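Working notes for the structure below.
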Amino acid sequence: MRNGLSKDLIARILGAQPKYTLAELEEKYPARSLPDGAFVTRFAPSPTGYMHIGGLYQALVDCKLAQQSGGVFMLRIEDTDTKREVADAVKIIEDSMHRFGLKYNNDEKYGPYYQSKRKDIYHSVVADLLARGLAYPCFLTADDMEKIRENQKAAGFATGIYGEFARDRDLTEEEIITRLDNGEVPSIRLYSTGNPENRIFCKDAVRGSIGFPENNEDIVLIKSNDGLPTYHFAHLCDDHFMRTTHVVRGEEWLPSFPLHIQLFRMMGWMPPMYIHTSTIDKIDAETGKQRKLSKRHDPEANVAFFLQDGWPTEAVLEYLGNIAASGYEEAKSKGQVKSIWDYEMKPKKIPMSGALFDMKKLEWWAKEFIASLSVDELVKRVRNWAEEYDVQWTARIADNPEYLKNILAIERDNPKRIRKDFITWKQTLQEVSYFWDDLFVPNKEYEFNKDALAAFLDSFDVCDDKDSWWNKIVSVATDKGIKNGEVAMNLRVALTGRTNTPDLYSIMQVMGGDKVIGRVKDVLK
RNA sequence: GGUCCCAUCGUCUAGCGGUUAGGACGUCAGAUUCUCAUUCUGAAAACACGGGUUCGAUUCCCGUUGGGACUGCCA
């Protein structure tokens, strides 16, 4: 600790008198009146251009924990890094939240929810630290720090601004004024009182108490270039004054956990409960090693990928939710709950080891989900997707909406035996594309038994019921001395170009007599 | 290098000192079916290793190994 700075000097450093006293802030953002045990959570992404699947996972946990406890879930935009900010990023985040049904409730009373708009709060808090000698203006330039870092590395020391390397931590007021007069703009650093010889214990809801050496780095609280806070300081102020009870964040924050706890202690504030979630990983194709899903290498790291390809958002949420609350799967299969929102998520049970993203399992959730839809609902979802991502399909569907409905209704009448070959809305359309002449691809490889096909065509009547239809196939087979299945397969390939399809009779009914006759004739030519 | 986190079938996990180590996805086999999908039945498949503690360790402790994160005026 050092001598506190005078009021006037603090105002000069900050560019203005602090707007609030700590007491005023406490009053402005009072404790929330919520039922006992209610969680106040927040998803706090920085607007850097896209929504990461890991972010969605965290947001789901946040939302779920708040929702099931009768608490509040907030969305806070951490836009303190002006350099990395991307134009539409906030829109993308909000849109993703909306599409996945993650409803947040940003009560104005505790806002604003953009960190860039909360400067007054950060400055007021840092003014208090400055006055108490727990923070100081630091005039180290980027070059200075680079040199320090190099020297530290060469000497085998830990890098960072601490102890003797914290050049400006004991500047007198006069020295500070001289530098200010010089036109130098300081950042504001923590005057760390931590000693790495001591251990500090930090409590994580899943991992329990974690011991660290105390933090002794004079980390930056307020940046010199824009007067905005760093993450560490912003989260301290925000989660305190937003009255957050549970901070759900990635495990990459674990190393700075002691710093955060020390910060809370310095302020005399009660820290929230922390839940550090594990990463969502994949095996790197080149190195064969497990690593976090990354935006650059993995399309599936980006939530937009799932939207574009038409994955049911519910399925993605169930997959992710089951990672956080692994009993969900079983409870659902036993019919105890209908959706992830009905299943209680226990903070302590959120897994702490990194989970490999399992596309196959996601596919399973998606198949199950789509199979649970009514035909009308399925058609609606598919159309909605097409309208957003595929104009050609939109046109085709609009041309004859009933046709798509009939196609998708195939083998869906028996609830116990619904086909489960649809995974995404996009793939659903591809799966049934042969129903449209412009998409139908005749099979050139298959060696047709033209005799049999011709014989079938002779007897074909689209009005036949399923039994007489099948009887005709059987009689063709008998006449030609081949198996029933072979006749059916010839017909299947002639009509669809594929060797695997749903029920042939249904397909023919939906296609209609003209198309059936046309396609068989094309083969016979 | 330093600090911290993690370690059960291929994958996600249940387990919280005594279990035939359970489930799900995936895989394989069989049955049903005009093919596929579905449905049903079944199978293979795991406690990283080495020390302790204990009558007894998958479970507790230590170490090793392996994986991960952090080490920025980025979050």
Side-chain angles (χ1 to χ4, degrees), chain A residues 44-48 78-81 83-84 115 138 140-142 145-146 149 153 156-161 186-189 196 202 204 206-207 210-213 215 217 219-232 234-235 249-258 276 278-279 281 283 289-292 319 322-323 326-330 332-333 349 351-365 367 371 411-412 414 416-422 431 469-470 473-474 477 483-493 496 498-505:
Chain A
S46 45
T48 52
E78 310 222 321
D79 55 348
T80 55
D81 185 1
K83 288 175 289 249
R84 281 207 313 157
Q115 288 184 329
C138 171
L140 250 18
T141 63
M145 286 184 290
E146 187 51 41
R149 191 174 304 123
K153 275 185 182 164
F157 294 143
T159 53
I161 304 303
S187 62
I188 297 172
R189 285 187 185 270
C202 305
D204 175 278
V206 282
R207 289 162 225 257
I210 307 170
F212 299 86
N215 168 269
E217 275 195 70
I219 57 121
V220 172
L221 266 15
I222 300 288
K223 297 182 280 181
S224 61
N225 59 345
D226 49 17
L228 286 169
T230 55
Y231 170 85
H232 310 290
H235 124 276
R249 46 148 57 158
E251 66 177 1
E252 66 270 20
W253 292 110
L254 238 23
S256 44
F257 200 1
H276 291 95
S278 55
T279 51
D281 305 344
I283 299 291
K289 292 191 171 181
Q290 187 162 344
R291 48 148 247 256
K292 198 168 148 182
Y319 171 68
N322 190 242
I323 290 179
S326 65
Y328 168 61
E329 206 174 345
E330 204 174 338
K332 185 173 177 179
S333 79
K349 301 278 283 177
M352 40 193 177
S353 52
L356 245 27
F357 193 86
D358 187 346
M359 218 32 144
K360 280 276 180 254
K361 188 126 192 190
L362 207 217
E363 283 183 10
W364 175 78
W365 281 108
K367 285 179 183 176
E411 286 186 68
R412 266 187 169 263
N414 180 352
K416 281 268 156 210
R417 299 215 147 194
I418 291 177
R419 295 190 70 80
K420 291 184 180 166
D421 39 14
F422 298 144
E431 198 66 30
W469 168 79
W470 181 246
I473 289 196
V474 172
K483 289 183 175 170
N484 301 343
E486 205 178 325
V487 179
M489 187 53 81
N490 268 276
L491 200 47
R492 166 173 294 109
V493 178
T496 68
R498 304 181 186 185
T499 49
N500 301 334
T501 72
D503 178 62
L504 242 194
Y505 177 75

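These numbers come from a predicted model, not from an experiment. Here is the naming used below: chain letters follow the sequence lines, and residue numbers restart at 1 for every chain.
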Considering only nitrogen or oxygen atoms on both sides, find all protein atoms under 3.5 Å from nucleotides 37-47 of chain B and state each distance.
| unit_1 | atom_1 | unit_2 | atom_2 | d |
| --- | --- | --- | --- | --- |
| B:A37 | O2' | A:Lys420 | N | 3.2 |
| B:A37 | N3 | A:Arg419 | NH1 | 3.4 |
| B:U38 | O2' | A:Ile418 | O | 3.3 |
| B:U39 | OP1 | A:Lys420 | NZ | 2.7 |
| B:U39 | O2 | A:Arg417 | NH2 | 3.4 |

Any [X] side-chain heavy atom under 4.5 Å of [Y] side chain:
X	Y	value
A:Arg207	A:Phe257	no
A:Leu504	A:Trp469	yes
A:Asn225	A:Lys83	yes
A:His276	A:Met352	no
A:Ser187	A:Cys138	yes
A:Arg498	A:Val493	no

Roughly, in whole Å, what's the span from [atom1] in [X] to [atom2] in [N]?
X	N	atom1	atom2	answer
A:Asp204	B:A69	CG	C1'	14 Å
A:Glu251	B:U3	CD	C1'	14 Å
A:Arg249	B:C5	CZ	P	15 Å
A:Leu254	B:C70	CG	P	11 Å
A:Ile219	B:G72	CD1	P	12 Å
A:Met352	B:U13	CE	C1'	13 Å
A:Asp226	B:G72	CG	P	19 Å

**Study point:** Neighbour count >12 (heavy atoms, 6.0 Å) for atom CZ, A:Phe157
**Key:** no
Exercise for review: Would you sort out whether A:Ile161 and A:Arg189 count as a side chain to side chain contact (heavy atoms under 4.5 Å, CB included), showing the intermediate values?
Suggested key: CA-CA 9 Å; A:Ile161 304 303; A:Arg189 285 187 185 270; 3.6 Å; yes
Listed pairs, N/O of protein and of nucleotides 73-75 of chain B, under 3.5 Å:
| unit_1 | atom_1 | unit_2 | atom_2 | d |
| --- | --- | --- | --- | --- |
| B:C73 | O2 | A:Ser224 | N | 2.7 |
| B:C73 | O2 | A:Ser224 | OG | 3.3 |
| B:C73 | N3 | A:Ser224 | OG | 2.7 |
| B:C73 | N4 | A:Leu140 | O | 2.6 |
| B:C74 | OP1 | A:Lys83 | NZ | 3.2 |
| B:C74 | OP2 | A:Lys223 | NZ | 3.3 |
| B:C74 | O2' | A:Asp81 | OD2 | 2.8 |
| B:C74 | O2' | A:Arg84 | NH2 | 3.4 |
| B:A75 | OP1 | A:Thr80 | OG1 | 2.8 |
| B:A75 | OP1 | A:Lys223 | NZ | 3.3 |
| B:A75 | OP2 | A:Tyr231 | N | 3.2 |
| B:A75 | O3' | A:Glu78 | OE1 | 2.7 |
| B:A75 | O2' | A:Ser46 | OG | 3.1 |

Any strand counts, and the cut-off is 3.5 Å on both contacts for Watson-Crick or G-U wobble. Which nucleotide pairs with [N]?
N	value
B:C16	none
B:G42	B:C28
B:A37	none
B:A57	none

Could you measure between the two [atom1] atoms, the one in [N] and the one in [M], and give it in whole Å?
N	M	atom1	result
B:G63	B:A7	P	16 Å
B:C36	B:U13	C1'	31 Å
B:U20	B:A29	C1'	23 Å
B:U8	B:A45	C1'	12 Å
B:C62	B:G68	P	23 Å
B:A14	B:U71	P	29 Å
B:A21	B:C47	P	12 Å
B:G30	B:G67	P	40 Å

Return yes if some donor-acceptor pair links the side-chain N/O of [X] with the main-chain N/O of [Y] below 3.5 Å, else return no.
X	Y	answer
A:Thr159	A:Arg149	no
A:Asp79	A:Ser46	no
A:Thr279	A:Asp281	no
A:Ser278	A:Ser353	yes
A:Ser326	A:Ile323	no
A:Lys223	A:Thr80	yes

Practice item. Output all residues satisfying salt bridge (Lys or Arg N to Asp or Glu O under 4.0 Å) with A:Lys367, sequence neighbours left out; order by chain, then residue number. Key: none
Close N or O pairs between protein and nucleotides 8-12 of chain B (under 3.5 Å):
| unit_1 | atom_1 | unit_2 | atom_2 | d |
| --- | --- | --- | --- | --- |
| B:C12 | OP1 | A:Leu356 | N | 3.1 |

Could you list the protein-to-nucleotides 27-30 of chain B atom pairs, N/O on both sides, closer than 3.5 Å?
none

Exercise for review: Looking only at side-chain atoms of A:Arg492, point me to the closest of B:U35, B:G26, B:G68.
Suggested key: B:U35
Check your understanding: Quick one: is B:G15 close enough that its OP1 or OP2 comes under 4.0 Å of any side-chain N or O from A:Lys349?
Key -> yes
Polar atom pairs between nucleotides 58-66 of chain B and protein, under 3.5 Å, N or O only, would you list them?
none

Exercise for review: Begin from the C-alpha positions of A:Asp421 and A:Arg419 and carry the test salt bridge (charged side-chain N to carboxylate O under 4.0 Å, His left out) through to its verdict.
Suggested key: CA-CA 6 Å; A:Asp421 39 14; A:Arg419 295 190 70 80; 2.8 Å; yes
Check your understanding: Roughly how far, to the nearest 0.5 Å, is the OG1 atom of A:Thr230 from the CD1 atom of A:Ile219?
Key -> 5.0 Å
**Study point:** Atom pair CD/CG of A:Glu252 and A:Leu254 - distance to nearest 0.5 Å
**Key:** 9.5 Å
Point to revise | Check: A:Trp364 ring centroid to A:Tyr319 ring centroid under 6.0 Å | key: no
Give one of base, sugar-phosphate or nothing for [X], where a contact means two heavy atoms less than 4.0 Å apart.
X	value
A:Arg498	nothing
A:Gly211	sugar-phosphate
A:Thr159	sugar-phosphate
A:Pro502	base

Review point. RNA chain B: A:Leu362 or A:Leu504, which has the more 5' nearest nucleotide?
Key: A:Leu362
Check your understanding: When the nearest nucleotide of RNA chain B is assigned to A:Gly485 and to A:Phe157 on a heavy-atom basis, which residue is associated with the more 5' position?
Key -> A:Phe157
